[in-house]
Undergrad: 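Structure incoming, see below.
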Amino acid sequence: MKIIDIIQRETPSLSFEVFPPKTTDKIDAVFDAAMEIAALNPAFMSVTYGAGGGTSAYTAALCADLQNLRQVPVMAHLTCINSTKEQVHAQMQTLKDNKIENVMALRGDRVPEAHESDYRYASELIREIAADGSFCIGGACYPETHPESANSFDDVRHLKEKQDAGCAFFTTQMFFTNGVYYNFLYRVREAGVTVPVVAGIMPVTNAGSIKRICRISGATLPQRFCRIVDKYGYDPVKMQQAGIAYATQQIVDLFANGVKAVHVYSMNKPDVAAAIMANVSELLK
Ligand code: FAD
C-alpha cells in the first residue's frame, strides 16, 4: 500500500520508525522489537538505512518481514551520498523484488571516510526513483532548518526542488515545540510546497542521549523540556514516563490542530511505542 494513500485518509494516522541492526549479532533483538511494534497495528512503519549504506541488506529484509509477517505497510529508507548509481539501482531492485512500494529518499549524512558517490543531493536520487515509476517517494524536511543550510529560505527552496523531483510527501526532523512545526508549515506552503508534511515526534526516554541527538539533528530543546530532563533525567524509569507524557502531549496537540499524520521515532522500544499508541488510541478512530 502506498503511504500517500494512508496519510491522506480522513482519520489521523500514527506510524513508527525503526532502525535495522548495525551488526549481525543484533538481528534477533531488532527483529523481535520491530515485530512487537508492528503488533500495535500502526498505520505504517519505516526502516532507516545505515549511514554509508552499511546495513542496506537489513533494511530491505526487515521491511519485507514486517510486510509479510505482520501485514504492516512499510517504507524503506535509502540514502545516496556514499553510493554509486549501480548500488542505488541494485537496492531499488531488491525493494521491488520484495514488493516494497514506498521509499524515503535521502542524501544521508556525510561520513569522514571517502566513498565513491554519484550523488550530491537527495533531489537527484528522488528524480531517479520517480523516473522508475514503481515507488511512492517520501523526503526529509527540517522545521528548524538543516544544519548545513546557509539559511531557512534556501532550505525551503531546496525542499520545493524535492517536491518537483517527485516527492509525494515529507517527514519532518524531530521537534520539541509544536509551534516550530506550525511556523514551518506556513513557510513551506508560502514557498509552493503542497504535499503532506508528516510530523516526526521523538519520545525522549534517555537523558544521556538527548544532547547528542539535538546536536546531530539541529533540534532545539525548550526550557519546559529541559526542566523535565533536569528533574527526572537521573532516573531511567521516571525519565521514560515523563518523555512519553511529553511526546503524547505534542501528538494530541498536533491532531487537535488538524495534523493528519504523525510518525514516531520509536528507537526500537516497543514499550515506549505501546504506551504512546495506548495514550492516543481513541484519537485514531
Ligand atoms: P538534502 O535534501 O539533499 O539536503 C541536504 C542539504 O543540502 C540541505 O542543507 C539542503 O538545503 C541542501 N541542498 C539541497 N539541494 C541543494 C542544491 N541543489 N544546492 C545547494 N544545496 C542544496 N540518515 C540516514 O543515514 N539514514 C536514514 O535512514 C535517515 N532517515 C531520515 C529520516 C528523516 C525523516 C529525516 C528528517 C532525516 C533522516 N536521515 C537519515 C538524516 C539525513 O540523511 C540527513 O539529515 C542528511 O544530512 C540530509 O539528508 P536530506 O535527504 O535531507 O538531504
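Counting starts at 1 for both ligands and their atoms, in listed order. All residue numbers refer to positions in the sequence shown, counting from 1.
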Undergrad: So, taking the atom named CG in L95 and the one named CG in N102, what distance separates them when rounded to the nearest 0.5 Å?
TA: 10.0 Å

Undergrad: Measuring from the heavy atoms of S123, does anything fall under 4.0 Å of ligand 1?
TA: no

Undergrad: Looking only at distances, please establish whether an N/O atom of ligand 1 is found under 3.5 Å from an N/O atom of Y49.
TA: yes

Undergrad: Could you list the atoms of ligand 1 found under 4.0 angstrom from a heavy atom of A122?
TA: 1 (P), 2 (O), 3 (O), 51 (O), 53 (O)

Undergrad: As a check for students: among D154, D155, L106, identify the option with a heavy atom nearest to atom 29 (C) of ligand 1.
TA: L106

Undergrad: Taking the cut-offs as 6.0 angstrom to the six-membered ring centre and 45 degrees off its axis, would you call K22 and F19 a cation-pi pair?
TA: yes

Undergrad: Any ion pair linking E124 and R127 (charged N to carboxylate O, less than 4.0 Å)?
TA: no

Undergrad: Regarding atom 32 (C) of ligand 1: of the candidates R120, H263, R157, H77, which has the closest heavy atom?
TA: H77

Undergrad: Taking all atoms of both residues into account, what is the closest heavy-atom pair of R187 and S152, and its distance?
TA: NH1-CB, 3.6 Å

Undergrad: Below 3.5 Å, N or O to N or O, backbone or side chain included: is there any such pair between T48 and ligand 1?
TA: no

Undergrad: For D109 and ligand 1, does the shortest N/O to N/O distance drop below 3.5 Å?
TA: yes

Undergrad: Can you tell me how the ring of H158 sits relative to the ring of Y121, calling it parallel under 30°, perpendicular over 60° and tilted otherwise?
TA: parallel

Undergrad: Which heavy atom in E36 sits nearest to a heavy atom in P270, and how many Å separate them?
TA: OE1-CB, 3.4 Å

Undergrad: Would you say ligand 1 has an N or O under 3.5 Å from any N or O of K162?
TA: yes

Undergrad: Any donor-acceptor pair under 3.5 Å linking the side chain of D253 with the backbone of Q249?
TA: no

Undergrad: Should you measure from each heavy atom of T79, which atoms of ligand 1 turn up under 4.0 Å away?
TA: 24 (C), 25 (O), 26 (N)

Undergrad: Quick one: do the Q250 and Y181 side chains pair a donor with an acceptor below 3.5 Å?
TA: no

Undergrad: Considering only heavy atoms of Y265, which atoms of ligand 1 have at least one such atom less than 4.0 Å away?
TA: 34 (C)

Undergrad: Please check if atom CE in M1 has more than 12 non-hydrogen atoms from other residues, nucleotides or ligands closer than 6.0 Å.
TA: no

Undergrad: Quick check: does Y142 get an N/O under 3.5 Å from an N/O on ligand 1?
TA: yes

Undergrad: Using a 4.0 Å cut-off to any heavy atom of S149, which atoms of ligand 1 qualify?
TA: 8 (C), 9 (O), 10 (C), 11 (O)

Undergrad: May I ask you to check whether H158 has an N/O atom sitting below 3.5 Å from an N/O atom of ligand 1?
TA: yes

Undergrad: Show me which atoms of ligand 1 lie under 4.0 Å from any heavy atom of T171.
TA: 34 (C)

Undergrad: I need the atoms of ligand 1 closer than 4.0 Å to a non-hydrogen atom of E161, numbered in the order shown.
TA: 18 (N)

Undergrad: Please list all pairs meeting side-chain hydrogen bond (donor to acceptor under 3.5 Å, both in side chains) that have one or both residues in residues 262-271, counting only residues at least two apart or in different chains.
TA: S15-H263, S46-H263, T205-K269, Q240-D271

